[in-house]
Amino acid sequence: MRVAGNVVAAVLVFSFCMFFSARYIQSEQQGDAELQRFFALQDLATIRARIEGHLNANLVAIRTLRAELALNPVVEPERFQRLAEEVLTDELHTRHVAVAPDLVIEYIYPLIGNEAALGLDYRESPAQIRSIEAALEAGDILISGPVDLVQGGRALIARVPVYLHRSDELWGIISQVIDHESLFADAGLFDAEMWSVGLRGADGEGMGGDVFAGSELLWQLDPVMVPVELPVGQWWLAAMPASLAWERPLASYSGYWFLGIALSLATSILIYGLLTSHMRLRRAFSTISHQARFDGLSGLPNRQFFTQQLEAQIRRCRRREQRFALMFLDLDHFKEINDSLGHEAGDDLLQGCSQRIVAAMRADDMVARFGGDEFVILVRELSDPVDAELAAEKVLAALRPPLEVAGHEVSIGGSIGIAVYPDDGVSTTDLLKHADLAMYAAKSAGRDTSYFYNESLRHQSDTHLKLHREIQLGLADGQFEVHYQPIIDAVSGEIRAVEALIRWQHPERGLLSPADFIPVAERTGVIRELGLQVLRQGCADCRRMLSAGLDVTLSINRSPREFNDNRTVQRWLEVLAEEGLEPERLTVELTESLLMPDRERQHQLLRDLHDGGVRLAIDDFGTGYSSVTYLRKFPVSQIKIDGVFVSEMLDDNAQYALVEALVRMAQALGLAVVAEGVETAEQARMLTAMGCQLLQGYYFGRPMSASDLIARYGPTPATG
Ligand code: C2E
Ligand code: CA
Ligand code: CA
């Protein structure tokens, strides 16, 4: 992705550079065109000078003749011959001159070939009279044409009227026929190879006269022009490049293009290079910072990074008043293996071990390598020290199976020391030191084991762990039983429901009540298996009661810890289906703490349960964070008033008022109320009077086996 980005950037830079190259070449082209115009003007100026020069040289003849004839208008053939010979030299472009006294041609020089013109009366030649009149009007030499000549061919004709000296009387007209083709050729009009040159006459204001030379097209384009000054009026000379365009085609600037492309390419390559090297640099930086935080061999966080994380964890737990554990793990006999199999095998072994350790821990715990064969593990959430010990056991169990290293099966164990925050220290140094010391204690205790730094925690954890194992064993062994306590209709006295209460038939300690093992089961998580067993048994027994004719619902107790797993509720509903009990027959008793805010995940599970058809009851209502607000947010259908209030309500007015208030509130919310711990008839009477519909307690019946309950409440077998 990044590389593609760099390529795009480079292409953009290239296009940008090419755009500017093109603009530059265009401006070069403009500059060149200007230069061309300048050169063209220069050349035109030369041509103009030559045309003017040649014309003037030719017109010397007509001027001289005019002067002579004005002074002496008597023309004899010899005189004319002599005068004409004098002024008409060979290098001129004049074909002939004709003198027409009184506007009738009388003399022509040279005469040969021009005889036809003799005796021509201009007044009778419509073709010529207009230019004669124009010449008379101009009063000076007027060049007209090129015109078709009487004697054939085309030529320019210069005419001038002759007035007698010291009088305004018109004597006649002198005409000089000039061969414009040769004149223009001598002026170099057709020599300019680079240019297309044109010449045209002027018609009074503009240059709209006849085109004498060059292409007509030239004048419709954009030529440079200079005027050719005549004795009267002017001509216009124009030029354009032979290609008829001032600008050279862009393609002809190949050198510039080459340079432009080369520069653009170079720039874009440079940019691309800069970007990629910047990327590499960034990558290198992130590698370096990764290397600074992680161990190269195992990929685990290193000591420095771990210590930072540990500090953050201390800050967090100080704020929240939570516990966490720090475990120091040292592989047993690693040094011997490393020495005998070589360092490479040692590295492989360490990598294998790190993977196993990480896999054994929870995702939000943190495993770091402190160097050598030392690992440190942060167990972030700790509700009981036994959690740390269980985690340590998991790690040790994961390490135990033999590893294949360099063709050898290697068995490796570890020793783990555990320090708990805040019991064993509140600083990183203290916690690490104490975990390390505990690790040595574990080593001397015989390796492949874990050890708490703190003696009382060690003791507590040991008892909890022992109990945890016994529960697991007991579950497998079927030592747990479920007893049922009847819940009675206050008015009719009939049994309405039964509450399932777990009992443990301990092999050594006899029958244990939930208080002896539920707290530990909750902490170690084995409560989930216990709960499932109670539910399964409860469903089966409830069906037996139903078959025995008892119309009861089943209430079971659930701990908050049992609501941690998304799958749990689904599992319970499955059990109901498997055991064939309708969900409506089941009431799940929860503690109020579950309804407290910021337990969104657990709230969702409650809703899922309700959606599955199961009813919800709040157990021990009034002892915890009783809040009507919480209560109304959930689809709860029953509350259970704790036995403590019931037992004290007869002696204590305040407790009496409290129970009464709870009953009222439940009624107001449309909830059913169960009063627990009803031990006397008096209590039962009072509660019934208050409007409490359901009663539960020793007065009605202690928790008993399903068979006992059926025997007691089932339809009395017919006697006799
Ligand atoms: P709980 O849900 O409040 O259950 C009622 C407790 O009060 C039961 O104690 C019951 O034997 C006792 N009891 C009932 N009537 C009277 C009476 O008239 N007087 C007196 N003094 N006590 C009475 P138990 O069976 O020892 O259960 C203790 C607690 O253990 C239960 O309190 C419940 O929170 C928990 N528990 C029981 N079974 C389970 C279970 O399967 N799962 C879970 N998570 N917790 C359970
Ligand atoms: Ca209960
Ligand atoms: Ca209770």
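Whatever order the structure lists them in is the order used to number ligands and atoms, beginning at 1.
Results of the side chain to side chain contact (heavy atoms under 4.5 Å, CB included) test with F621 over D642, V673, L631, V636 single out L631 as the only residue that passes.
Near G677, with a cut-off below 4.0 Å to any heavy atom, the atoms of ligand 1 are 16 (C), 17 (C), 18 (O). Against a heavy-atom cut-off of under 4.0 Å, Q485 is close to the following atoms of ligand 1: 14 (C), 15 (N). Listed by number with element, the atoms of ligand 1 under 4.0 angstrom from any heavy atom of E499 are 2 (O), 4 (O). Those atoms of ligand 1 with a heavy atom of P703 less than 4.0 angstrom away are 11 (O). Listed by atom number, the atoms of ligand 1 under 4.0 Å from E676 heavy atoms are 3 (O). Near E679, meaning under 4.0 Å from any of its heavy atoms, are these atoms of ligand 1: 17 (C), 18 (O), 19 (N), 20 (C), 21 (N).
The nearest non-hydrogen atom to atom 4 (O) of ligand 1, considering only L501, V482, V646, comes from L501. Of the options L530, T591, D620, L590, the smallest heavy-atom separation from atom 3 (O) of ligand 1 is shown by D620. For the residues N557, L695, D619, the heavy atom positioned nearest atom 45 (N) of ligand 1 is part of N557. Across the listed options S555, G538, P514, G701, P514 owns the non-hydrogen atom lying nearest to atom 28 (C) of ligand 1.
Looking at D642 against ligand 1, nothing comes within 4.0 Å, counting heavy atoms. Residue contacts with ligand 1 for R503 involve side-chain atoms from C-beta outward but no N, CA, C or O (heavy atoms, distance under 4.0 Å). Under 4.0 Å from ligand 1, the heavy atoms of E562 that appear belong solely to its side chain. The proximity of S559 to ligand 1, defined as any non-hydrogen pair under 4.0 Å, involves the side chain as well as the backbone. The proximity of E522 to ligand 1, defined as any non-hydrogen pair under 4.0 Å, does not occur for either the backbone or the side chain. Heavy atoms of H483 found under 4.0 angstrom from ligand 1: none, in either backbone or side chain. Residue contacts with ligand 1 for I556 are absent, since no atom lies close enough (heavy atoms, distance under 4.0 Å).
F306 does not carry R303 over the face of its six-membered ring by the limits of under 6.0 Å from the centre and within 45° of the normal.
The Ca ion (ligand 2) lies closest to atom OD2 when only the N/O/S atoms of D619 are considered. Nearest N, O or S atom of E499 to the Ca ion (ligand 2): atom OE2.
Taking the salt bridge (Lys or Arg N to Asp or Glu O under 4.0 Å) definition, one finds that R509 meets it with nothing, sequence neighbours left out.
Under 3.5 Å, the side chains of Q667 and R664 contain no donor-acceptor pair of N or O atoms. S555 and R615 share no side-chain donor-acceptor pair at under 3.5 Å.
Side chains of D384 and V520 form no contact here, defined as non-hydrogen atoms less than 4.5 Å apart. Contact of the Q537 side chain with the F480 side chain is not registered, since no non-hydrogen atoms from C-beta on lie closer than 4.5 Å. Y484 is listed as a side-chain neighbour of M545, based on a closest heavy-atom distance under 4.5 Å. Looking only at side-chain heavy atoms (C-beta outward), V552 and L709 stay at 4.5 Å or farther from each other.
D477 places no side-chain N or O within donor-acceptor distance of the main-chain N or O of L473, the cut-off being under 3.5 Å.
Shortest non-hydrogen contact noted between A392 and M327 is CB-SD, 3.9 Å. Nearest heavy atom pair, residue C692 against residue V674, reads SG-C, 4.3 Å.
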Tabulate below the donor-acceptor pairs under 3.5 Å that side-chain atoms of residues 427-435 make, not counting sequence neighbours, or state none.
residue	atom	partner	partner atom	Å
S427	OG	D430	N	3.1
H434	ND1	D424	O	2.6
H434	ND1	D430	O	3.3
H434	NE2	Y453	OH	3.3

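The shortest N or O to N or O distance between I527 and ligand 1 is not below 3.5 Å.
Rounded to 10 degrees, the OE1-metal-OD1 angle spanning E589 and N557 at the Ca ion (ligand 2) equals 90°.
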